[in-house]
Amino acid sequence: MSERSQSHSTVDPPAPSPTVVTIPPGATYAAGFLDRKAQEALRDTVREIVARAPFYRPCMPKTGKPFSVVMSNCGPLGWVSDRDGYRYQARHPQTGEPWPAMPEILLDAWRRLAAYPHPPEACLINFYDETARLGLHVDQDETDFEAPVVSLSLGDTAVFRIGGDTRKAPTRSIKLKSGDAIVLGGPARRAFHGVDRILPGSSDLLKSGRLNLTMRRVTRPE
Ligand code: MD6
Ligand code: FE
């Protein structure tokens, strides 16, 4: 600062505070990525998927503590968690059936958002009731970290928290609304993130609660 400005004692009035969302490098937040019609189409597609691959309640490895979120998947692989650990597998843990195919609506979202030349292999479908949450974690059960994870939200707003590459790094929160997309790629691919809470009654797309769909590339393409 120059001598001149230091000696100047007046200060500017505070600026009106805009909504500023700072996210780590490699993360892309696409607010309103899906319009209402696209949200309804995706909601209906998820209903068809879960009619064949019902939501189940995963539990923590070793402790067996149940998740507050229930899960299903579509695509050639699905992410599961039980007492034996976290992993991807081709079949539903309860029905033993292969996961339903990845619908075109999701493949299309991946093509528009992922900037990655191969299709996703898994889409994890999380359902949150009004009290569900998801602790801070890193998605690291994949072998291909070159590919981003693409996330789509439907229904009630989530207070999503995202930080850095250690649990202690500072975090910030983003309200993920119905139709919003967030992509974690590049350095943000390994960023800690989670869902602090759901804001009940914030959307009328679903009867209640929130769906989150995360598309992933699991294996390295040949
Ligand atoms: C959720 N999302 O929004 C949880 N993971 O319900 C995630 O865990 C997530 O949004 C990887 C990339 C983007 C995500
Ligand atoms: Fe995640």
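Order of listing sets the numbers, starting from 1, for every ligand and every atom in it.
- Checked for salt-bridge contact, Arg87 and Asp82 meet the test: a charged N lies under 4.0 Å from a carboxylate O.
- Summarising the geometry, atom CG belonging to Leu134 is positioned 15.5 Å from atom CZ belonging to Arg197; distances are rounded to the nearest 0.5 Å.
- We find that Arg52 and Glu48 are not joined by a salt bridge, their nearest charged nitrogen and carboxylate oxygen being 4.0 Å or further apart.
- For Glu121, the salt bridge (charged side-chain N to carboxylate O under 4.0 Å, His left out) partners at least two apart in sequence or on another chain are Arg217.
- At a threshold of 4.0 Å, the pair Glu142-Arg220 does not count as salt-bridged, since none of the basic side-chain nitrogens sits closer than that to a carboxylate oxygen.
- Taking a 6.0 Å sphere around CD of Gln89, one finds it holds more than 12 heavy atoms contributed by other residues, nucleotides or ligands.
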Would you please test Arg210 and Ser153 for side chain to side chain contact (heavy atoms under 4.5 Å, CB included) and show each step? CA-CA 7 Å; Arg210 170 176 183 260; Ser153 293; 2.8 Å; yes

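- Within the structure, salt bridge (Lys or Arg N to Asp or Glu O under 4.0 Å) contacts touching residues 151-170 (residues at least two apart or in different chains) are Arg161-Asp196.
- Contact residues of ligand 1 (protein heavy atom closer than 4.0 angstrom to a ligand atom; sorted by chain and number): Tyr128, Leu134, His137, Asp139, Val149, Ser151, Phe160, Ile182, Leu184, His193, Val195, Arg210, Asn212, Thr214.
- Closer than 2.8 Å to the Fe ion (ligand 2) sit the protein N, O or S atoms His137 NE2, Asp139 OD1, His193 NE2.
- Annotation: side chain of Phe33 is in contact with side chain of Leu152 (closest heavy-atom distance under 4.5 Å).
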